[in-house]
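All ligand and atom numbering here is 1-based and tracks the order in the structure.
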Amino acid sequence: MAKVPKPKSSLLFYYGLALFILAVFNWLGKPYLDEGKVKTVDYSAFLEMTEQKSIERIEMDENRIVFKGTDGHKYQTGPMTDPKLVERLKDSGIPFTAEIRETPSLIMSLIVNWVLPILIFFALGQFMSRRMFGGGSGPGNMFSFGKSNAKVFDPASATIRFKDVAGEDEAKENLSEIVDYLHNPNKYTAIGASMPKGVLLVGPPGTGKTMLAKAVAGEAGVPFFSIAGSEFVEMFVGMGASKVRDLFKQAKEKAPCIVFIDEVDAIGQKRHGAVMGNDEREQTLNQLLTEMDGFGGNSGVIILAATNRPDSLDPALLRPGRFDRRVPVELPDLEGREEILKVHAQKIKTTTDVDFHTIARMAAGASGAELANIINEGALRAVRSGRSEVCQADLEESVEVVIAG
Ligand code: ADP
């Protein structure tokens, strides 16, 4: 699955910002921190020290008089209405000065009063939104607004081929044209033919529709996007539509590719025009229609959608230029069931006398998924009875478990 790396620069930005804020507070707070080292004395003590000339230097402002004693300590006292003070200080010969009060520069006060708070709020806002809405677009994150959540499989990691899908020869034959097109689109464009944009895989659950879609991508060696229709319909109106947009944007970037939408009926159901219609689903469906109309027949993006109820789909979705091709994926017949059993039995150890034909006959009406389950249940039963190989009785027993429940 492709993972989008998080930009590291944003982290650096936050570190920088934190350092900057620290520096500013340090600088603003420094005078107050220094205060701790200054000893506060009475005015009378100040006068006494002045007379004894035990002061090196005096600094005053309207709030206090700060002076450094000959003992090296710093003292301060509150100012008094003392008209003779200047005269007395002059007589004592101690250097004294009043602080020149600088009006803070306009730029500085602008930065401190306006720019800094705005920056802090902005940074906080960014941080919060990342915390709440970010964290990638993984499924289960309800705040991953507008991201499609589609799983992407690289061609390199696609291991399913047509040979893994047993039975379903008709469906495979239908889909092999698409594989051929993805391999060699020029053959089709040269003559002016365009591929269907959408193919509907119609069949009951567990018959291998997802497998077939993956196999098409695997055979053609193109990326495979997979998403379930229900994943589009979120609790917020408009989110589904933006997910569709995002999905198609990603797909177009990776074209040629296969987009697989499972349970497409979750978004593609007929619109009834009821008063209390499902706005979200309709918007999502409309966006899907718009996106499908938006790209050309030969753009290399082919959408495969799976459904069990084609008759419940909105006719707009089935119009030419959209999902105009149907591939039935039926429950496997006897031969198909036997093949499927054999494909899955390759993954387990069986005794040589296992008769898959009998098992297939016993499992009438089973889907591919159920047959895969029968094999697995048989293997579990063998383990339970402490054997290292699966025998006929294990499989016969598990047919009953899986089919009859
Ligand atoms: P669907 O999408 O039609 O519901 P899936 O493709 O998800 O079905 O199939 C579910 C599982 O059933 C597969 O992972 C596979 O193990 C098994 N299966 C279904 N059909 C077949 C088949 N024709 N050949 C081999 N395995 C199958």
Side-chain angles (χ1 to χ4, degrees), residues 1 139 150-153 157-176 178-179 198-220 224-232 258-268 302-313 323 325-348 350 354 356-357 359-361 363-380 390 395 398-399 401-403:
M1 241 208 317
K151 296 188 201 76
V152 190
F153 299 89
S157 65
T159 49
I160 295 183
R161 298 284 184 274
F162 275 150
K163 70 170 169 35
D164 300 308
V165 190
E168 308 301 348
D169 290 330
E170 204 183 321
K172 283 194 260 184
E173 207 179 299
N174 267 314
L175 292 169
S176 59
I178 291 174
V179 176
V199 177
L200 209 56
L201 302 172
V202 182
T207 43
K209 297 183 289 296
T210 311
M211 268 189 109
L212 276 167
K214 277 188 186 166
V216 171
E219 292 281 342
F224 177 75
F225 290 82
S226 163
I227 190 162
S230 55
E231 284 177 53
F232 287 115
I258 299 284
V259 175
F260 177 64
I261 305 176
D262 206 357
E263 321 154 24
V264 72
D265 31 293
I267 41 172
I302 291 185
I303 308 155
L304 303 181
T307 181
N308 187 24
R309 295 175 297 162
D311 43 302
S312 75
L313 291 179
F323 290 100
R325 190 178 287 197
R326 258 184 220 205
V327 173
V329 187
E330 303 292 350
L331 284 173
D333 55 10
L334 178 63
E335 209 177 304
R337 289 199 297 278
E338 192 177 333
E339 270 182 55
I340 294 173
L341 285 171
K342 281 182 182 159
V343 164
H344 286 277
Q346 281 167 6
K347 296 176 214 150
I348 60 164
T350 52
V354 170
F356 290 108
H357 187 75
I359 309 289
R361 221 178 14 221
S367 68
E370 280 167 330
L371 293 166
N373 201 11
I374 286 171
I375 296 286
N376 192 49
E377 281 292 331
L380 290 175
V390 180
L395 294 175
S398 64
V399 171
V401 173
V402 173
I403 305 285

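- One finds the NE2 atom of His344 at 11.5 Å from the CD atom of Glu339 (value rounded to the nearest 0.5 Å).
- Distance from atom 18 (N) of ligand 1 to its nearest protein heavy atom, with residue and atom name: Gly368 C, 3.6 Å.
- No side-chain heavy atom of Phe260 sits less than 4.5 Å from a side-chain heavy atom of Ile303.
- Between the CG atom of Leu341 and the CD1 atom of Ile359 there is a distance of 7.0 Å, given to the nearest 0.5 Å.
- Scanning all protein heavy atoms for the shortest distance to atom 10 (C) of ligand 1 gives Ala369 CB, 4.0 Å.
- In terms of protein heavy atoms, atom 8 (O) of ligand 1 is closest to Gly208 N, 3.2 Å.
- The backbone and the side chain of Val165 each have at least one atom closer than 4.0 Å to an atom of ligand 1 (non-hydrogen atoms only).
- In this structure, CG on Asn308 lies 7.5 Å from CG on Asp265, to the nearest 0.5 angstrom.
- Considering backbone and side-chain atoms alike, Lys209 places an N or O below 3.5 Å from some N or O of ligand 1.
- Of the protein's non-hydrogen atoms, the one nearest atom 16 (O) of ligand 1 is His344 CE1, 3.1 Å.
- Contact annotation: for Asp262 versus ligand 1, there are no heavy atoms closer than 4.0 Å.
- The protein heavy atom nearest to atom 23 (N) of ligand 1 is Ala166 O, 2.8 Å.
- The NZ atom of Lys172 lies 13.0 Å from the CZ atom of Arg161; values are rounded to the nearest 0.5 Å.
- Counting the atoms of ligand 1 from 1 in the order shown, those under 4.0 Å from a heavy atom of Asp164 are 24 (N), 25 (C).
- The ligand atoms of ligand 1 that sit less than 4.0 angstrom from a heavy atom of Pro205 are 4 (O).
- Among all protein heavy atoms, the one lying closest to atom 15 (C) of ligand 1 is Met211 SD, 3.5 Å.
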Using residues 366-377 as the side-chain source, report each donor-acceptor pair under 3.5 Å to any protein atom, sequence neighbours left out, with the distance given to one decimal.
residue, atom, partner, partner atom, Å
Ser367, OG, Glu370, N, 3.3
Glu370, OE1, Ser367, N, 2.9

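- Atom NZ in Lys214 sits 5.0 Å away from atom CD1 in Ile160 (nearest 0.5 Å).
- Nearest protein neighbour of atom 4 (O) of ligand 1, counting heavy atoms only, is Gly206 N, 2.8 Å.
- Using 4.0 Å as the threshold, Ile340 has a heavy atom nearer than that to some atom of ligand 1.
- Protein heavy atom nearest atom 7 (O) of ligand 1, with residue, atom name and distance: Thr210 OG1, 3.4 Å.
- For the pair Ala266 and Ser230, the tightest heavy-atom approach, listed with the atom from each and the gap, is CB-N, 3.6 Å.
- When all heavy atoms of Arg326 and Pro310 are compared, the closest pair comes out as NH1-CB, 3.6 Å.
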